[in-house]
Structures are given as structure tokens and as C-alpha cells.
Amino acid sequence: MTSDKKVLKVAVIGGGSWATALVKVLSDNQVPLVWWMRDKEVMAYVQQHHRNPHYLSDVNLQLKRGALQPDLRKAIVSAEVVILAVPAAFLGGALASLSENDFDGKIVLSAIKGMVPGENLLIGQFLQKYFRVTEQRFMVISGPCHAEEVAAEKLSFLTLAASHPELALPLVPMFKNRYMNMRVSDDPSGSEYASVMKNIYAISGGIAHGLGYGDNFMAVLVSNAIIELESFLGVVYPKRRDIKGSAYLGDLLVTAYSQFSRNRSFGAMLGKGYSVRSAQLEMNMVAEGYYSARAVHELNKLHKCSIPIAAMIYSILYEAVPARAGMIQLQSQLY
């Protein structure tokens with residue numbers, strides 16, 4: 001961060017692994033920040049021990065005094081930049097105490113990889129509808145990037161997507177350091193949709209792994225997934241984009257293959273015979289793809305895209321189609 005430019009204060013909203021990883025990056029970069037999470041006992045622990053006891057618990061967070069703020073409105077009011085990093089399914093509840101004016105003048109970054117259930121809204125659409133966050137002030141943080149590798153300071157790359165990229169460029173130094181790089185994109189809605197879809201495809205990859213399918217099939221599955229993603233994006237949000245970019249193909253690859261992918265882990269349990277409910281109870285983190293599958297299914301009733309992988313995952317999750325039977329049926333639709 002250069003000294004001749006104003007240093008913006010950042011509010012991080014959320015207490016999970018991705019929120020913790022972002023706090024680590026920002027605090028390592030000495031960015032002024034305030035951190036809010038719902039669990040006040042966890043917040044007190046972090047204040048005392050500089051570690052999140054439930055997520056990335058080995059990471060020592062270089063937090064300054066007063067960085068933890070138990071009042072959500074005060075946290076947001078005190079900052080110029082707000083990063084939302086709570087599961088999409090819980091976003092409405094987390095922000096329920098706020099008024100539509102509380103985000104006025106703020107730059108809002110979404111680090112959420114899902115759609116708001118029930119309304120099937122992207123995070124940008126939700127914020128615009130209920131909090132008057134304009135397209136100009138909304139940006140999206142996307143991967144490919146797993147919190148666990150950020151915690152281990154393994155070289156990682158983020159994408160910051162904004163409808164006005166020139167407004168995103170001044171924020172990049174907040175995130176860049178020796179283990180984190182960042183590029184700017186002009187496709188926030190496309191990045192959001194890609195983040196939603198890649199979690200569904202990661203569940204399919206996990207199911208294949210749980211069923212004992214090998215690398216040959218996984219290569220075909222992921223190849224078809226990126227074709228399906230490109231087709232879907234071209235219909236729901238047509239824009240010139242390179243689907244091979246890291247925010248699209250790269251994020252899909254890491255989510256479908258990585259041991260750290262919670263959606264892949266969720267799918268693997270289904271492939272091994274767990275019921276959907278049992279797999280959810282076994283995990284201590286939210287698999288966004290579960291909610292995304294329903295949201296995309298509802299959205300596609302309007303658009304009628306050919307998305308056989310996403311459609312099959314919906315059937316497995318919500319229509320009680322056995323995982324093995326679903327994957328056998330899907331094989332005939334891959335090429």
C-alpha cells in the first residue's frame with residue numbers, strides 16, 4: 001500500500017474459513033480492518049488468542065486492538081469497504097438488523113459463492129433490491145482460491161470483478177502480497193454465476209470419486225461442465241468473456257478436484273452411500289452447491305438451457321434419485 005494514497009478501512013462480515021483467510025491477507029498487509037461475526041463467544045476467543053477456534057485454527061491473525069466489532073451496524077458504518085463472506089443461505093438473516101441506508105456510500109465486495117435461496121438472487125441482485133447497493137459500488141471476489149492454502153501461504157490468485165474495473169484497481173493493493181496475487185475483471189455477474197455453478201459441478205465430481213470413477217471419467221465430466229457453464233452464462237448473462245480464464249475454468253478445476261473443496265467432499269459422501277441429510281450433518285461447513293442446485297433449477301425454468309450435469313445433481317439432491325443411478329444416467333449425455 002503506497003503512503004501517498006488514502007488507506008481505506010475494510011469491514012469483513014462473517015466468521016467462517018473464507019472470512020478468516022481474507023482477514024489474514026488484509027491484516028498481513030496492514031490494512032485497517034474491523035471484523036464482525038455472529039458468534040460472540042468465538043469473537044471473544046479471537047480477540048484474546050488471535051485465532052479462530054473453528055476455522056483455520058492454526059493461523060495466527062495479526063489483529064490490532066479494536067479490530068473485532070460485535071455490532072454489525074457499527075462495523076459497517078466505520079468502514080469504506082465492506083466484504084461479505086457469509087454463506088448465501090444465511091445472508092438475509094445476517095443482515096436482517098440493517099436498514100436499506102446502512103450501505104450508503106460503501107464499496108461492497110461479495111466473497112460469497114452462492115445465490116440467496118427462495119428468491120434465487122445473485123448477491124449483487126439481493127443487495128441492490130434490499131440495500132440500494134448500485135452496480136457501480138458492487139464487486140465480486142472470486143478464485144480459484146481455497147482458504148486452507150491461503151492460510152498456509154501457498155501462492156494464490158484472486159479475481160476482483162467490477163462493472164467499472166477502474167474503480168476496482170485501487171483496491172488491488174489491499175490483497176496483493178508475496179503469497180497472494182489479484183487481477184481485475186469486468187464481469188461481476190458472470191463471476192457470480194460461475195461461482196454458483198462450479199459448486200454444483202464439484203458435487204458431481206465428488207459423487208464420481210465416491211463411486212470409484214477414475215481420472216478418465218473425471219476429465220470428461222469437467223470438460224463437459226465447462227461447456228455447460230459457458231452455455232449457461234451465454235444465456236443468463238451474455239457478455240464477451242474467456243471461459244478459460246481463472247475465474248471460470250480455474251475456479252471450476254480447483255473446486256472439482258481439490259481435497260479442500262467442501263462441495264466435492266459433500267458429493268463424495270453421497271457417492272459412498274450417505275443420504276443427503278446425513279452428509280450435511282457430517283460436515284461442519286456449508287456446501288453452497290446444495291442450495292445452488294435448487295436455485296439454478298428454478299432459474300432454468302425460465303431460460304431452458306441444456307445443463308444435464310446440473311439437472312442431474314438437482315435430481316439427486318432434491319428428487320431422491322440414487323447417486324449411482326443418476327451418474328449412470330448422466331453418462332449417456334456426456335461427450
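Hydrogens, waters and symmetry mates are skipped; everything else that's a heavy atom, side chains included, is used. A quick note: this is a predicted structure, and the numbers were derived from the prediction, not measured.
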Exercise. Stepwise, does the side chain to side chain contact (heavy atoms under 4.5 Å, CB included) test hold for Leu127 with Leu95?
Worked result: CA-CA 10 Å; Leu127 293 173; Leu95 304 184; 4.2 Å; yes
Seminar exercise, completed: The side chain to side chain contact (heavy atoms under 4.5 Å, CB included) partners of Ser231 (sequence neighbours excluded) come to none
For this session: List for me each residue that meets side chain to side chain contact (heavy atoms under 4.5 Å, CB included) alongside Ala89, sequence neighbours excluded, and say none if there are none.
Result: Pro117, Tyr291
Exercise. Can you tell which of Val34, Ile83, Leu171 makes a side chain to side chain contact (heavy atoms under 4.5 Å, CB included) with Val10?
Worked result: Ile83
Applying salt bridge (charged side-chain N to carboxylate O under 4.0 Å, His left out) as the test, list every pair that has at least one member in [range]; sequence neighbours left out.
range	answer
residues 276-294	none
residues 249-265	Lys198-Asp251
residues 97-117	Arg73-Asp102, Glu100-Arg132, Asp104-Arg132
residues 298-309	Glu298-Lys301

Exercise. Looking just at side-chain N and O atoms, do Thr20 and Asn52 make a donor-acceptor pair shorter than 3.5 Å?
Worked result: yes
Contact check, side chains of [X] and [Y], non-hydrogen atoms, under 4.5 Å:
X	Y	value
Val172	Val184	yes
Phe266	Gln280	yes
Thr255	Tyr201	no
Ser189	Lys239	no
Asp187	Val140	no
Arg241	Tyr248	yes

Problem set entry | side-chain hydrogen bond (donor to acceptor under 3.5 Å, both in side chains) contacts touching residues 119-130 (sequence neighbours left out) | Glu119-Lys129, Glu119-Tyr130
Seminar exercise, completed: Quick note, side-chain hydrogen bond (donor to acceptor under 3.5 Å, both in side chains) partners involving residues 325-335, not counting sequence neighbours, are Tyr213-Gln331
Exercise. Taking the inter-plane angle between the rings of Phe232 and Tyr193 on a 0 to 90° scale, is it parallel (under 30°), tilted (30 to 60°) or perpendicular (over 60°)?
Worked result: perpendicular
Residues in salt bridge (Lys or Arg N to Asp or Glu O under 4.0 Å) with [X], at least two apart?
X	value
Arg51	none
Lys40	none
Lys74	none
Asp242	Lys244

Exercise. Counting only heavy atoms not in Asp215, do more than 12 fall under 6.0 Å of its CG?
Worked result: no
Exercise. Are more than 12 heavy atoms from other residues, nucleotides or ligands located less than 6.0 Å from atom CD of Glu41?
Worked result: no
Exercise. Does any N or O in the side chain of Asn300 come within less than 3.5 Å of the main-chain N or O of Cys305, such that one atom is a donor and the other an acceptor?
Worked result: yes
Problem set entry | Sidechain N-carboxylate O distance under 4.0 Å for Arg178, Glu153 | yes
Exercise. Same cluster for Tyr318 and Met115 if Ile/Leu/Val/Met/Phe/Trp/Tyr side chains link at under 4.5 Å?
Worked result: yes
